[in-house]
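All chains are named by letter (A, B, ...) in the order of the sequence lines, taking the proteins before the strands, and each is independently numbered beginning at 1.
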6 protein chains.
Amino acid sequence: MPYVNIRITREGATPEQKAKLIEGATRLLVDVLGKNPATTVVVIDEVETDNWGVGGETVTVRRKRGQ
Amino acid sequence: MPYVNIRITREGATPEQKAKLIEGATRLLVDVLGKNPATTVVVIDEVETDNWGVGGETVTVRRKRGQ
Amino acid sequence: MPYVNIRITREGATPEQKAKLIEGATRLLVDVLGKNPATTVVVIDEVETDNWGVGGETVTVRRKRGQ
Amino acid sequence: MPYVNIRITREGATPEQKAKLIEGATRLLVDVLGKNPATTVVVIDEVETDNWGVGGETVTVRRKRGQ
Amino acid sequence: MPYVNIRITREGATPEQKAKLIEGATRLLVDVLGKNPATTVVVIDEVETDNWGVGGETVTVRRKRGQ
Amino acid sequence: MPYVNIRITREGATPEQKAKLIEGATRLLVDVLGKNPATTVVVIDEVETDNWGVGGETVTVRRKRGQ
């Protein structure tokens, strides 16, 4: 019954990619710890680049510089 | 001063229902632990069904199958 | 399949009280939103009073003042 | 490599204000604990006032009363 | 620069298993979304079975019944 | 009524340092957004180095290499 929360910037992840994250994270818990996939929950949060900071500045600013 | 975070899929919860969740979670902390309601915070996150997975697949897929 | 996270200061909540929080939070989601209790997850985090702040000071300091 | 999550109600914080929160939280970790700013992550969540409760009622209701 | 939080019950995960969770979750973000592993953070929370509920009861109670 | 969660590795932060984090984060929300400090909550989570990963490996391993 693990709970996995994946937080990424909102930059165009497709439904197919998000389904792969959910499938992959669930399989990881099954493979490494033998957890029951039926009760493994994965939640993806997509966060605006204005709201995500690293190195003291927003991802919006970093993207403009090409990072 | 507890903090409660309720995460649900975004599937049409009304403002009235969300108010009931907030009222009920606050009362629960008061009743069970004697916490001060004035400083009890409840935050509800509504998550797209594409972003919520259980059993290794998205809730979007499960809903299409009627689950 | 909701996920509820209850964060409280570590100040002696008993296993019985924690079981009541889990039972009550689960029932709240069932009663208000018709969620399936079998897949409702509740996680309680107990946090040291040195690590919890409100009003800009730790709960440890507040408790010493009788708050 | 700290991770800071700032949760506020969605009530008009500007990109400039959010950039200041990110800069300030990063500097705080550097100043107090000597953390490396390059790997310090700050994520801001803006939550609808219908979804944020304090004192057992939503911020929407509190704002209508002038609180 | 994704952030992944894996929450599991504290039931004896070894350092080797936790290292595998961290490695696997990081690779997943690289493989699916092309994220930079150097800035991908994974945090594992281990939660006492008294503090984790599913189906309205604690994992402690479920384990005693053999679930 | 903001909620701030600061997650760091457990590597000897003192009560005085944690009090400074709480004070500083609270003041940041007051200064930037005019929030009420009395209802601003700051919670610090200290996480074992075995449970924190960056670059696909645990902080325990990184510290041994001198990083």
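With sequence neighbours left out, the salt bridge (charged side-chain N to carboxylate O under 4.0 Å, His left out) criterion links E:D50 to no other residue. Residues satisfying the side-chain hydrogen bond (donor to acceptor under 3.5 Å, both in side chains) criterion with E:N51, sequence neighbours excluded, are C:K18, C:E46.
The candidate with the highest count of non-hydrogen atom pairs below 4.5 Å against chain A, out of E:E16, E:Q17, E:K35, is E:Q17.
For a heavy-atom cut-off of 4.5 Å, chain E lies close to A:V59, A:R63 in residues 55-65 of chain A.
Contact of E:E11 with chain A is made through the side chain alone, with heavy-atom distances under 4.5 Å.
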Would you tabulate the side-chain donor-acceptor contacts of residues 23-34 of chain E under 3.5 Å, counting partners in other chains and residues two or more places apart, or write 'none'?
from	atom 1	to	atom 2	distance (Å)
E:E23	OE2	E:R27	NH1	3.3
E:T26	OG1	E:I22	O	2.7

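Atoms CE and CD1, from E:M1 and A:I8 in turn, are 11.5 Å apart once rounded to the nearest 0.5 Å.
Among all heavy-atom pairs drawn from A:Y3 and E:W52, the shortest one is N-CH2, 4.0 Å.
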